[in-house]
Amino acid sequence: MRVTQMLIPTLREVPAEADTISHQLLLRAGMVRKVAAGIYTLLPLGNRVVRKIEEIVREEMDRAGGVELLLPIVQPAELWHQTGRWDVYGPEMFRLKDRHGRDFCLGPTHEELITYLFSQEVKSYRQLPLLLYQINNKYRDERRPRFGLMRGREFIMKDLYSFDKDEDGLAVSYQKMYDAYSRVFSRCGLRFRAVEADAGAIGGDHSHEFMVIADTGEAELTYCPVCDYASNVEKTPCHYQASEEKEEAGILQLVATPGARTVEDVASYLKLDPTKVLKSLFYKVDGKLIVVLVRGDRLVNEVKVLNYLNATHLEIADEREMDELGIPMGFAGPVGLRERTAVTILGDLETKDLYNAVAGANQKEYHYINVNPGRDYQVDYYGDFRVAVEGDPCPHCGTGLKVQRGIEVGHIFKLRTKYSEAMGATILDEQGKERPVIMGCYGIGVTRTMAAAVEQSHDQDGIIWPVSIAPFEVVLMAVNQRDPQLAGYAEELYHHFVGAGIDVLFDDRNERPGVKFKDADLIGYPARVVIGKKMLSDGLVEIKWRSSGEITYKKMDEVAAYLQETLSSMKS
RNA sequence: CGGGGUGUGGCGUAGUUUGGUAGCGCGCUUGGUUUGGGACCAAGAGGUCGGGAGUUCAAAUCUCCCCACCCCGACCA
């Protein structure tokens, strides 16, 4: 391919709309363009990256026994009514009506369609296991699309669904996918970690996320530097050990704390450590208000609270809702709360040992000091409700955990019979007995993986693509395209490369070398091959590697072999 | 959805406070010179100033309404 035949609109300046690195670089490198919030055009180079990722995914899905098919994007509401998700999914689903007024949606996911297909076509355990997948667009009307391709409203996803006759079969399918995912992300040249995850609203009880390690990632994860434990921080259990020493309980006292609303304010006003503060947060869970107590320096783990209460929806209470209870925001506390309201009080286990603490007095500008559990307030349920932090013990081996940030690019679930039961997807087993098929669901965000790769691998000058997913592995140019001799050698080498099967882009533009070098760095081709003065004087071609900056010279007839060898070693 | 912000040629922006009819850099076109890290000279093209309504002799600038986009939060296989 020649640059003069392509469309590669690179940008010198950073578009004002982008402040995520990957978004900026993908725009500047001429790979993507925004059409609307969260909706993007993939330009030729971006499209090539996506196709390379898809190809790796395809190969690994096939290797694991997956079979590709293609489900429709436009889906009838009827199928979603069968699982009840038409009403549950909410405003995140793009909905539309056809000319007859019938309801449809643009598929945000495809469990309904695949389960429907299965229920129509597969009847016997003898046809199992079955692993069906597709690579297709997904549509989610996110409340707030952001970070460019990272969280779009239209995006490309690979989704595979496993069908097994029993739990053992599901375990095998799940492990196959776990292994396949590890291979996919390794082959994409990414540093990643598979972590235990919360299964969330999709249901199921066993789940892993694949996180690309990047400081800019939205998710936080914990991992053990000694054993193989790793987990989304939402899921990391916090070990609780009852404290040995028990402080002498002081006298409960009301003290004025004017203007001190946050834990830090209160702690510094009273000259105390934040660990001596009892943080009381009101949440609305499935429409009901509850209170969660944690130590002042801790964060409430909302997922743990949600799971403990077996609820589906949780949000922090707003000032209006607090007002209705007559509790001033910033001064909430458990003392006397029972007498005023019927809210459920959850206490993090650590608060059991929080003696002589400071807590809001439920009146404006006042806190209590010397607050003690049992004596001054009662908790309905104690449990693990806080977010784990660096240094908390590993749940497997007790070593201090480390914390990292990551970008979720893959997620695998055991769905079991949630959808098969709802949609009557049953099979006949060996005894001729009808039973719901056991399902698993496995997703990879393809476009997000592209963005994650950039997020993880770039420098001041631009993107540094891993070889396996680079838009082209090699860019070739003459330092002066006007010089007939140099241009002639470049042309010759180009044909030679094409003949040798090298994935090469020939920058044949009549631009000054600086322009072409800058573009090459920005776009991030792994190898840059330049025909310059050394060609005329010594018959040598220059090869520069994007990732290391290393430069070597080779004779014209050696270049192709050198590139092939080095590139293939970089892929593994 | 709550809070904050921004909309001016393709990109980045000045001008808005104090109304007087739009400027700069990059990019683009043509000609010439140039060719190892985003060249130079010359001549050009390109703007309903996000949209609508209003105030005014006069609106990018003031008022009202709407829209889009961005950021924080909430939300999220």
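Order of the sequence lines sets the chain letters (A, B, ...), proteins ahead of strands, with each chain counted from 1. Nothing here was measured: the structure is a model prediction, and the numbers come from that model.
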Practice task
Counting heavy atoms from C-beta on, name the nucleotide in B/C69, B/U34, B/A77 closest to the side chain of A/R153.
Solution key: B/C69
Handout entry: Pair listing, ring pair (Phe, Tyr, Trp, His ring centres under 6.0 Å) test, anchored in residues 4-34 of chain A, at least two apart
Key = A/H23-A/Y40
Exercise for the section: Using a cut-off of 6.0 Å, state whether more than 12 heavy atoms not belonging to A/Y489 lie near its atom OH. Expected result: no
Exercise for the section: Kindly write out the residues that satisfy ring pair (Phe, Tyr, Trp, His ring centres under 6.0 Å) with A/F506, not counting sequence neighbours, or none if the list is empty. Expected result: A/Y494
Exercise for the section: Mind listing the residues from residues 539-546 of chain A sitting with a heavy atom below 4.0 Å of RNA chain B? Number order is fine. Expected result: A/E542, A/K544
Problem - Atom pair distance, as rounded to whole Å: CD in A/Q481 and C1' in B/U34 - result: 16 Å
Problem - Any donor-acceptor N/O pair under 3.5 Å between B/G37 base and A/D521 side chain - result: yes
Problem - Distance test, side-chain N/O of A/K34 to OP1/OP2 of B/C70, below 4.0 Å - result: yes
Problem - Rounded distance in Å - CG (A/L43) to P (B/G10) - result: 17 Å
Practice task
Kindly assign one of parallel, tilted or perpendicular to the pair A/F413 and A/H411, based on the angle between their ring planes and the thresholds 30° and 60°.
Solution key: parallel
Handout entry: Distance, C1' atom - from B/U55 to B/G3, rounded to whole angstrom
Key = 31 Å
Exercise for the section: Between B/G15 and B/G4, how far apart are the P atoms? Round to whole Å, please. Expected result: 24 Å
Exercise for the section: Determine, for A/D215 against A/R405, whether the closest basic-nitrogen to carboxylate-oxygen distance falls under 4.0 angstrom. Expected result: no
Problem - d(CD1, A/I316; P, B/C76) in whole Å - result: 14 Å
Practice task
Answer with base, sugar-phosphate or nothing: what part of the nucleic acid does A/L314 contact at a heavy-atom distance below 4.0 Å?
Solution key: sugar-phosphate
Handout entry: side chain to side chain donor-acceptor pair (under 3.5 Å) contacts in which one or both residues fall within residues 520-541 of chain A, not counting sequence neighbours
Key = A/R528-A/E542
Practice task
Heavy atoms under 4.0 Å is the rule here; annotate nucleotides 40-48 of chain B 5' to 3' with B where the base is hit, S where only the sugar-phosphate is, and - elsewhere.
Solution key: ---------
Fill in the blank from the handout: Applied to residues 140-164 of chain A, the ring pair (Phe, Tyr, Trp, His ring centres under 6.0 Å) test, sequence neighbours excluded, yields A/F118-A/F163
Handout entry: For A/E68, salt bridge (charged side-chain N to carboxylate O under 4.0 Å, His left out) partners two or more places apart
Key = A/R58
Handout entry: A/R416 bridged to A/E421 by N-O distance under 4.0 Å
Key = no
Exercise for the section: Give one of base, sugar-phosphate or nothing for A/E302, where a contact means two heavy atoms less than 4.0 Å apart. Expected result: sugar-phosphate
Exercise for the section: May I ask you to decide whether A/E196 forms a salt bridge with A/K235, counting only side-chain N to carboxylate O separations under 4.0 Å? Expected result: no
Handout entry: Atom-pair distance (CZ on A/R482; C1' on B/A39), nearest Å
Key = 13 Å
Fill in the blank from the handout: Out of B/A77, B/G36, B/G12, minimum distance to the side chain of A/M157 belongs to B/A77
Exercise for the section: For A/A197, report the nucleic acid contact type (base, sugar-phosphate, nothing); a contact means any heavy atom under 4.0 Å. Expected result: nothing
Problem - Partners meeting salt bridge (charged side-chain N to carboxylate O under 4.0 Å, His left out) with A/R546 (sequence neighbours left out) - result: A/D459
Practice task
Using side-chain hydrogen bond (donor to acceptor under 3.5 Å, both in side chains) as the criterion, list what pairs up with A/R95, not counting sequence neighbours.
Solution key: none
Exercise for the section: At under 4.0 Å between heavy atoms, which parts of nucleotides 25-32 of chain B does protein reach? Answer with one letter per nucleotide, 5' to 3': B base, S sugar-phosphate only, - none. Expected result: BSS-----
Problem - Set of side-chain hydrogen bond (donor to acceptor under 3.5 Å, both in side chains) partners for A/W86, sequence neighbours left out - result: none
Handout entry: Whole angstrom value for the distance that separates P of B/G10 from CZ of A/R33
Key = 13 Å
Exercise for the section: Just call it for A/R528: base, sugar-phosphate, or nothing, with non-hydrogen atoms closer than 4.0 Å on any strand. Expected result: base
Handout entry: A/F94 ring center near A/Y89 ring center (under 6.0 Å)
Key = no
Exercise for the section: Quote, to the nearest angstrom, the P distance that separates B/U6 from B/A39. Expected result: 34 Å
Handout entry: B/U33: pairing nucleotide in any strand, Watson-Crick or G-U under 3.5 angstrom
Key = B/A39
Handout entry: Sorted by number, the residues of residues 136-152 of chain A with heavy-atom contact under 4.0 Å to RNA chain B
Key = A/K138, A/R140, A/R143, A/R144, A/R146, A/R151
Problem - B/C24 to B/G32 separation - P atoms, rounded to the nearest Å - result: 26 Å
Practice task
Figure out the CG/P separation between A/N232 and B/A77, and round it to whole Å.
Solution key: 12 Å
Handout entry: Between B/A14 and B/C26 - C1' atom distance, rounded Å
Key = 15 Å
Problem - Same-atom distance (C1') from B/C67 to B/U30, integer angstrom - result: 40 Å
Practice task
Please say whether more than 12 non-hydrogen atoms of neighbouring residues, nucleotides or ligands are located less than 6.0 Å from OH in A/Y139.
Solution key: yes
Problem - d(CG, A/N480; P, B/A39) in whole Å - result: 14 Å
